[in-house]
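Take a look at the structure set out below.
Note that the numbering runs from 1 along the sequence shown for the chain. These figures come from a predicted structure and were not determined experimentally. Worth knowing before you read on, the calculation uses all heavy atoms, side chains too, and leaves out hydrogens, waters and symmetry mates.
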Amino acid sequence: MPAVLVTAALLLSADRAAAQEIALTPLQSKEVATGYRADALKLKTVVNDKGETIGRISDFVFGKDNNIYVVLGVGDLTGLTGQLIAIPFHALKLDDPSDNIVLPGASRAALEKLPVFVSNR
């Protein structure tokens, strides 16, 4: 019985610690406020570092591996058709001086050779 009480007490304090870890610090809150909303990026044109249009952002996938992926409509001007591929979000350059979303080193031809993204949900 004492082991059960100790375990319960540890679980309760672990729950409180986990809840405290979720809160953002003031510095983190400022960083979030200067970030990008997914809705604001959706359907934005993506160019390569030569300024050539390679597609549009169609959607985002939040992976079970805690990574974020961008679903990109390659060769598509609307973001709704064309070949859909998934790329890691961190591969995009959002703060380019050209005000474009840039996928450095990419070409439409190379991206069209990637596996097609198919959602299972």
Is there a path of hydrophobic side-chain contacts, each under 4.5 Å between heavy atoms of I/L/V/M/F/W/Y residues, joining Leu114 to Val47? no
Would you say Val102 and Ile54 are hydrophobically clustered, going by side-chain heavy atoms of ILVMFWY under 4.5 Å?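 Looking at the clustering, Ile54 is in a separate group from Val102.
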Are the side chains of [X] and [Y] in touch, meaning some heavy atoms are under 4.5 Å apart?
X     : Y      : answer
Phe89 : Leu41  : yes
Thr45 : Ile101 : no
Arg56 : Val46  : no

Could you measure the distance from the CG atom of Leu103 to the CG atom of Leu111? Nearest 0.5 Å is fine.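 If we round to the nearest 0.5 Å, Leu103:CG and Leu111:CG are 6.0 Å apart.
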Report, one line per pair, each donor and acceptor closer than 3.5 Å where one atom sits in a side chain of residues 65-74; sequence neighbours left out.
| residue | atom | partner | partner atom | Å |
| --- | --- | --- | --- | --- |
| Asp65 | OD1 | Asn67 | N | 3.0 |
| Asp65 | OD2 | Asn67 | ND2 | 3.1 |
| Asp65 | OD2 | Tyr69 | OH | 2.6 |

Residues that Ala86 engages under side chain to side chain contact (heavy atoms under 4.5 Å, CB included), provided they are two or more places apart: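 Testing Ala86 for side chain to side chain contact (heavy atoms under 4.5 Å, CB included), a comparison that skips the adjacent residues, returns Phe117.
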For Val116, the side chain to side chain contact (heavy atoms under 4.5 Å, CB included) test, sequence neighbours excluded, returns Gln83, Val118
Could you go through residues 90-97 and list every donor-acceptor pair under 3.5 Å that involves a side-chain atom there, pairing it with any protein atom two or more places apart or in another chain?
| residue | atom | partner | partner atom | Å |
| --- | --- | --- | --- | --- |
| Lys93 | NZ | Asp96 | OD1 | 3.4 |
| Asp95 | OD1 | Tyr36 | OH | 2.1 |
| Asp96 | OD2 | Ser98 | N | 3.1 |
| Asp96 | OD2 | Ser98 | OG | 2.4 |

Exercise: identify the closest heavy-atom pair between Arg108 and Thr53: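 In this case the closest contact between Arg108 and Thr53 is NH2-O, 2.9 Å.
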Residues passing the side chain to side chain donor-acceptor pair (under 3.5 Å) test with Thr34, sequence neighbours excluded, are none
Enumerate the residue pairs fulfilling salt bridge (Lys or Arg N to Asp or Glu O under 4.0 Å) with a member in residues 44-55, sequence neighbours excluded, ordered by first and then second residue.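 For residues 44-55, and leaving out neighbouring residues, there are no salt bridge (Lys or Arg N to Asp or Glu O under 4.0 Å) pairs at all.
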